[in-house]
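Some notes on the structure that comes next.
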Number of protein chains: 2
Amino acid sequence: MARSKRDELIQKATDIFYRRGFQATGMDTLVVEAGISKTSIYKHFKTKDDLIVATLRLRDEFLRGWLFRRMAELASTPRDQLIAMFDALDEWFSEPDFHGCMFAKACSEFQDPDHPINREATAHVARLSAQLAEIADRAGLPNPNDIARRLSLLKEGAVVMATMGHDSRPALEAKAIALGILREAEAGRTPV
Amino acid sequence: MARSKRDELIQKATDIFYRRGFQATGMDTLVVEAGISKTSIYKHFKTKDDLIVATLRLRDEFLRGWLFRRMAELASTPRDQLIAMFDALDEWFSEPDFHGCMFAKACSEFQDPDHPINREATAHVARLSAQLAEIADRAGLPNPNDIARRLSLLKEGAVVMATMGHDSRPALEAKAIALGILREAEAGRTPV
DNA sequence: ATGTAGGTGTACCGATCGGTACACCTTGTC
DNA sequence: GACAAGGTGTACCGATCGGTACACCTACAT
């Protein structure tokens with residue numbers, strides 16, 4: 001029970017920040033919505049920024065965990081898992097409480113590259129790309145790091161289009177593009 | 001001289017909002033940095049939100065104007081212009097004061113889809129995609145709207161990777177992917 | 001000469017911001 | 001039964017938020 005209250009705070013803060021934004025959410029709002037006294041919050045976290053970093057860490061673990069688990073469920077071979085990422089993304093985009101990428105938003109609101117929040121957000125992209133590279137390597141694809149970066153680019157583009165564009169299924173469009181990328185890579189063509 | 005002061009305000013506000021963010025920039029900051037009295041600002045715009053919408057409109061015109069002009073300068077045929085978009089993006093990303101996409105940031109900070117700021121930001125994406133579709137049509141490509149959406153997805157992905165990823169040249173990676181897309185389209189293969 | 005439009009500076013409004021102080025309540029442990 | 005740890009509620013801090021009020025200063029039109 002010792003640190004469960006703290007974890008509960010981080011969990012609820014993550015949801016609230018994701019739904020309402022970081023700067024737009026005041027600490028008083030957090031107190032009411034999370035049902036935790038302000039005194040307790042500041043006993044666990046020195047500043048609001050520290051709390052935001054903690055929520056980003058939780059979100060990073062959750063999102064990467066969910067995504068790669070789902071990829072493994074949807075496909076058996078490493079190659080097919082890379083493609084299945086876009087099916088998983090399509091599921092995510094279809095959820096009623098999808099509100100875009102929390103990390104992109106964090107970067108938007110805290111632009112300074114040296115800011116801890118910005119660092120944590122960009123770290124998520126790097127970690128995700130590294131995991132993709134590992135799978136691409138297991139799939140026997142050439143230049144797995146390049147493949148991973150391109151798939152990351154497609155993923156980020158799909159997220160933005162799902163958030164801002166009004167088009168139908170950006171994840172499935174990205175999937176079609178990804179198929180082309182893998183096809184070329186498997187044909188031995190060196191990525192330009 | 002009548003409306004030049006107003007235009008000057010919008011121009012400077014655009015720069016400031018782009019550099020520092022919308023919510024993070026207070027009206028008092030705007031007064032100091034833009035060198036315009038608060039009274040004047042509120043004589044031209046009823047609210048801060050109205051001013052933000054005006055800056056987004058200016059930015060939309062400027063960015064689309066610059067991008068398509070640069071595409072026309074870099075290539076002569078419609079087909080090559082589509083590809084040249086990514087060379088133009090590469091130039092943009094290389095500018096020292098590149099700070100990501102102002103419209104993505106606007107959507108991040110104002111998430112409500114019914115909010116005028118959100119609408120204006122998403123409209124930019126739609127307008128850009130429509131212009132791309134027109135060029136794809138002139139290039140004689142099949143399903144120009146699909147092509148345009150995919151190129152838009154690549155463009156947005158490249159912007160995000162340029163902002164958040166630490167990789168080398170996301171615009172040129174997107175360009176390589178775009179070449180593959182056009183190659184497939186020209187081979188008559190129906191986009192999946 | 002007089003009115004009007006567009007501009008300025010300053011002082012101010014209530015609300016909210018992130019953060020702190022303090023007194024108190026509960027729980028488990030020794 | 002004493003004590004520390006972790007929690008609560010409330011009241012408060014100075015700073016800043018978006019926005020307004022008011023008096024004044026030009027420049028130009030009639």
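Just so you know, these numbers come straight off a predicted model, no measurement behind them. Proteins get letters first, then strands, A, B, ... in listed order; numbering begins at 1 in each.
Taking atom CZ on A/R6 and atom P on D/dG7, their separation rounds to 10 Å, with Å as the unit. What separates CZ of B/R20 from P of D/dC17 is a distance of 11 Å, to the nearest Å. In this structure, B/K43 places its NZ atom 12 Å from C1' of C/dG9, rounding to the nearest Å. B/Q23 places its CD atom 18 Å from the P atom of D/dT16, with the value rounded to the nearest Å.
Considering only side-chain N and O atoms, B/H44 lies nowhere under 4.0 angstrom from the phosphate OP1 or OP2 of C/dG6.
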*Secondary-structure string, 5' to 3', Watson-Crick or G-U under 3.5 Å, | for another-strand partners, for DNA chain D*: ||||||||||||||||||||||||||||||

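Of the residues in residues 45-52 of chain A, A/T47, A/K48 come within less than 4.0 Å of DNA chain C through at least one heavy atom, sorted by number. Residues from residues 25-42 of chain B lying near DNA chain D, meaning a heavy-atom separation below 4.0 Å, are B/T25, B/G26, B/M27, B/D28, B/K38, B/T39, B/Y42 in numerical order.
In this structure, the side-chain contact (heavy atoms from CB on, under 4.5 Å) partners of B/K12, at least two apart in sequence or on a different chain, are B/E8, B/A34. Partners of A/D50 according to the side-chain hydrogen bond (donor to acceptor under 3.5 Å, both in side chains) rule, which considers only residues two or more places apart in sequence or in another chain, do not exist here. The side-chain hydrogen bond (donor to acceptor under 3.5 Å, both in side chains) search around A/T29 returns none, not counting sequence neighbours. Remark: B/F62 pairs with no residue by the ring-ring contact (aromatic ring centres under 6.0 Å, His included) rule, at least two apart or across chains. For A/F110, the ring-ring contact (aromatic ring centres under 6.0 Å, His included) partners are A/H115, not counting sequence neighbours. Partners of B/D137 according to the side-chain hydrogen bond (donor to acceptor under 3.5 Å, both in side chains) rule, which considers only residues two or more places apart in sequence or in another chain, do not exist here. In this view, B/F22 and B/F17 satisfy the ring-ring contact (aromatic ring centres under 6.0 Å, His included) rule, not counting sequence neighbours.
Under a 3.5 Å cut-off, the side chain of A/Y18 and the backbone N or O of A/C101 do not form any donor-acceptor pair.
Counting only residues at least two apart or in different chains, side chain to side chain donor-acceptor pair (under 3.5 Å) contacts with residues 51-62 of chain B comprise B/R57-B/E120, B/D60-B/R64, B/D60-B/H124, B/D60-B/R127. Sorted by first and then second residue, the ring-ring contact (aromatic ring centres under 6.0 Å, His included) pairs with a member in residues 66-93 of chain B read B/W92-B/F98, B/F93-B/F98; sequence neighbours excluded.
Side-chain contact of B/S94 with B/R169: a donor-acceptor pair under 3.5 Å is present, judged by distance alone.
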